[in-house]
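What follows is a set of notes on a single structure, which appears directly below.
When a ligand or atom number is given, it counts from 1 through the structure's own listing order. One is the number of the first residue; the rest follow in order along the sequence.
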Amino acid sequence: MAVNLPIYMDYSATTPVDPRVLEEMMPYFSEKYGNAASRSHAYGWTAEAAVEAAREKISAFLGGSSGKEVVFTSGATEADNLALKGVADYYASKGNHIITTTIEHKAILDTAKRLRKQGFEITYIPVDRQGLVDPDEIRKAITDKTILVSVMLANNEVGTIQPLEQIGAITREKGVLLHTDAVQGLGKIPFDVTRTHADLVSISAHKMYGPKGIGALWVRRSKPRVRLVAQMDGGGHEFGMRSGTLNVPGIVGFAKAVEICEQEMAQESERTKTLRDKLRHGIQDHLEEVNLNGSIEHRLPGNLNLSFAFVEGEAMMMAIKDVAVSSGSACTSASLEPSYVLKAMGVGDELAHSSIRFGIGRFTTEEEVDYVAKLVVEKVRKLREMSPLYEMYKEGIDLKSVQWAAH
Ligand SMILES: *Cc1c(COP(=O)(O)O)cnc(C)c1O
């Protein structure tokens, strides 16, 4: 069977909207367009009912006890900002110390950086070579000034799943709030706020086959009741935690996306994992010096992150431009920086630059996986043929011992 190009293999960046989600959303653009905050007429009531049903569905999916625990936001970036800044502002008199990790999403890291400028102290827990956090390191970092620990459920680059249950046991014992950015894991692996003791959870619809521009911060309402200072003023929507007219079609789509994940997660994760492993073997069994980044055991089913030694990342991306993937380099203003996540795991700059993240998801087919594996093997072979370093490696020269001329 022929495949359509370009092939989408970047499901960790975003996912297409599931047709069932789109269908559910449509009436809320046209007939049911009321403002959920309009209390005086049926248009408003209809919108409000849809929003309340969505809250219940989403909170229940997380293992929460009430729809009131769901604060809708524009996405997970905003939810991460609200969690960290909202907690920091509210609990500042209790303490000024926040703990997070070196491999969080920029929405956490940049927010933490801002809080540091405002006088908060931030501790960054490192990860090991596998991209995993040691819960003991978190225990050791907690002081009587610590107000919040923020650790992601699963990483967006390497797909590693953090030991949140163990971390949550520690934060609960110490009486410190736990926030988790659960965006990448939700709908792919089981997650539950009770088992993990998470007090705040950031989620986003567009990473789970819902629309872009809608997300939520789940905020525990009892044992303990988490308090936040709103970061967006005006109108007092969302229990005073986030003002702004609600994106009703987005919220309806988000809830439908959650419902589908709830029903299909088990089979879907099996399927994507099988395809992921097929892609991995289709590449690694035919090429030497290809390294898997991140734990294979504690890993999201659809994530594959590989480093191709002796291949230049840019050239590789060009060579497989018919496949939509992400590279281990982040384009910053002027230069090409190697991924901070791979760096934090101890991957060298060269290998980080030659890394590619493949994201497999709901609509990936076996034909696509076969096509991509074959293409990657062919292109890497070709690029290596042109590499003097690869030639030296083949001749058995220890590249680390070579004295390089100044460059
Ligand atoms: C995509 C992503 C975000 C940002 O979510 P948006 O809804 O796009 O703002 C935050 N954290 C992680 C781990 C993500 O993968």
What closest approach, in Å, do V127 and M345 show between heavy atoms, and which atom pair accounts for it? CG2-CG, 3.9 Å

Considering heavy atoms of the protein only, find what lies nearest to atom 1 (C) of ligand 1 and give residue, atom and distance to 0.1 Å. K207 NZ, 1.3 Å

Quick check: D181 and ligand 1, any N/O pair under 3.5 Å apart? yes

Does the residue H206 have a heavy-atom contact with ligand 1, meaning some pair of atoms that are separated by less than 4.0 Å? yes

Which protein non-hydrogen atom lies closest to atom 12 (C) of ligand 1, naming both residue and atom, and how far is it? H105 CD2, 3.3 Å

If every non-hydrogen atom of H206 is compared with every non-hydrogen atom of A13, which pair is closest and at what distance? CE1-O, 3.5 Å

Would you say D10 and S326 are linked by a side-chain donor-acceptor pair, where the criterion is simply a distance under 3.5 Å? yes

Less than 3.5 Å apart, any donor N or O on the side chain of Q166 or D136 sitting next to an acceptor on the other? no

Ligand-side contact atoms (ligand 1) for residue partner G75, heavy atom cut-off under 4.0 Å: 7 (O)

Is there a nitrogen or oxygen of S12 sitting under 3.5 Å from a nitrogen or oxygen of ligand 1? no

Measure from the side-chain N and O atoms of S339 to the backbone N and O of G328, and report whether any donor-acceptor pair falls under 3.5 Å. no

For atom 4 (C) of ligand 1, what's the nearest protein heavy-atom neighbour? Residue, atom name and distance, please. T77 OG1, 3.5 Å

Kindly confirm or rule out an N or O of A154 lying under 3.5 angstrom from an N or O of ligand 1. no

Considering only heavy atoms, does K212 approach ligand 1 within less than 4.0 Å through its side chain, its backbone, both, or neither? neither

Residue-level breakdown please: for A76 versus ligand 1, do any non-hydrogen atoms fall below 4.0 Å on the side chain, on the backbone, on both, or on neither? both

Does any N or O atom in S74 lie less than 3.5 angstrom from one in ligand 1, N or O only? no

How far is atom 7 (O) of ligand 1 from its nearest protein heavy atom, and which residue and atom is that? S204 OG, 2.7 Å

Contacts of type salt bridge (charged side-chain N to carboxylate O under 4.0 Å, His left out), residue E270, not counting sequence neighbours: none

For residues T196 and E165, is any side-chain donor paired with an opposing acceptor at under 3.5 Å? no

Salt-bridge criterion met for R362 and E268 (N-O under 4.0 Å): yes

If the cut-off is 4.0 Å to any non-hydrogen atom of N156, which atoms of ligand 1 fall inside it? 13 (C), 15 (O)

Salt bridge (charged side-chain N to carboxylate O under 4.0 Å, His left out) filter on E366, not counting sequence neighbours, yields K278

